[in-house]
Amino acid sequence: MSCPTIYVDADACPKVIKEVLFRAAERAQIPLILIANQYIPTPPSAVIRAVQVSAGFDVADNEIVRRCAPGDLVVTADIPLAAEVIEKGALALNPRGELYTRDNVRARLNMRDFMDTLRSSGVQTGGPPPLSQQERQTFANALDRYLRRLQR
């Protein structure tokens with residue numbers, strides 16, 4: 001079995017979360033691959049790299065799904081992407097620290113579809129609030145739990 005990899009849906013991932021991931025990947029010496037439609041700067045590292053894919057709807061998401069394997073971790077706020085990687089046996093963690101599961105991702109997809117319907121009918125729903133300090137800590141704790149499990 002190959003070493004698990006952390007994949008990041010990097011186009012929308014907050015900079016502060018990328019910095020947490022960079023430190024964790026170096027500390028644990030686990031491969032970290034950021035996938036995006038644009039150039040993503042990364043620190044010099046043997047375990048961290050960025051992959052730039054062509055622009056287009058879901059191109060980065062499709063690349064993450066293609067690459068991920070059971071046991072890998074995918075960091076994303078994209079609920080349909082989370083659902084796809086979970087189906088492949090990978091784990092999905094959003095930048096606010098919530099681990100998506102087979103059970104909760106279905107409910108999230110339904111809520112996302114409902115909000116899309118509201119927006120398309122002209123209702124202003126607003127976006128998510130800025131990432132709080134508590135959510136950053138929750139993300140870091142969830143990432144640490146994943147890394148500790150790998151060391152066992």
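Residues take their numbers from the sequence shown, with the count starting at 1.
- Remark: the backbone N or O of Ala90 is not paired with any side-chain donor or acceptor of Asp72 at under 3.5 angstrom.
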How far apart are the C-alpha atoms of Thr138 and Arg96, what are their side-chain angles, what is the distance that settles it, and do they pass the side chain to side chain contact (heavy atoms under 4.5 Å, CB included) test? CA-CA 7 Å; Thr138 301; Arg96 295 180 186 274; over 6 Å; no

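- Shortest non-hydrogen contact noted between Asn94 and Ala77 is CB-CA, 4.2 Å.
- In the hydrophobic cluster analysis, where Ile, Leu, Val, Met, Phe, Trp and Tyr join through side-chain heavy atoms closer than 4.5 angstrom, Leu93 is grouped together with Ile48.
- Between Asp144 atom CG and Arg149 atom CZ the span is 11.5 Å, to the nearest 0.5 Å.
- Here Cys13 contributes atom SG and Leu21 contributes atom CG; the two are 6.0 Å apart, rounded to the nearest 0.5 Å.
- Side-chain contact between Arg136 and Val20: absent, with no pair of heavy atoms (C-beta onward) separated by less than 4.5 Å.
- Contact check on Arg23 versus Glu26 returns no salt bridge, with no Lys/Arg side-chain nitrogen under 4.0 Å from an Asp/Glu carboxylate oxygen.
- Taking the side chain as every heavy atom from C-beta outward, Leu143 and Ile6 approach each other to under 4.5 Å.
- A distance of 8.5 Å separates CG in Asn141 from CD in Gln134, rounded to the nearest 0.5 Å.
- Of all non-hydrogen atoms in Ala60 and Ile35, the two that sit nearest each other are O-CG2, 3.9 Å.
- A pairwise comparison of heavy atoms in Cys68 and Tyr7 identifies CA-CE1, 3.8 Å as the closest pair.
- Follow the hydrophobic side-chain contacts under 4.5 Å out from Val75 and you reach Leu32 in the same cluster.
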Leu99 vs Tyr146, side chain to side chain contact (heavy atoms under 4.5 Å, CB included): CA-CA, chis, key distance, verdict: CA-CA 10 Å; Leu99 189 64; Tyr146 171 77; over 6 Å; no

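- Between the CD1 atom of Ile17 and the CZ atom of Phe139 there is a distance of 5.0 Å, given to the nearest 0.5 Å.
- The nearest pair of heavy atoms linking Ala10 to Ala36 is CB-CB, 4.0 Å.
- One hydrophobic cluster, built from ILVMFWY side chains closer than 4.5 Å, cannot hold both Leu91 and Ile64; they sit in different ones.
- Shortest non-hydrogen contact noted between Ala55 and Asn37 is CA-ND2, 3.8 Å.
- A 4.5 Å side-chain heavy-atom check between Arg49 and Thr42 finds every atom pair outside the cut-off.
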Apply side chain to side chain contact (heavy atoms under 4.5 Å, CB included) to residues Ile30 and Leu73 and explain how you reach the verdict. CA-CA 11 Å; Ile30 184 171; Leu73 177 66; over 6 Å; no

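- When each of Thr5, Ile33, Asn62 is tested with Arg67 by the rule side chain to side chain contact (heavy atoms under 4.5 Å, CB included), just one qualifies, namely Ile33.
- Closest heavy-atom contact between Leu147 and Ala24: CD1-CB, 3.8 Å.
- Glu63 contributes atom CD, which lies 12.5 Å from atom CD of Gln52 (distance to the nearest 0.5 angstrom).
- Taken from CG in Asp58 to CD in Glu84, the straight-line distance is 7.5 Å, to the nearest 0.5 Å.
- Val59 and Leu34 are assigned to two separate hydrophobic clusters, defined by single-linkage of ILVMFWY side chains at heavy-atom distances under 4.5 Å.
- Of the possible donor and acceptor atoms, none in the side chain of Asp61 sits under 3.5 Å from a partner among the backbone N and O of Leu81.
- A single hydrophobic cluster is not seen to contain both Val47 and Val51; linkage of ILVMFWY side chains at heavy-atom distances under 4.5 Å, directly or through other members, places them apart.
- For the pair Tyr100 and Val74, the minimum side-chain heavy-atom distance is 4.5 Å or more.
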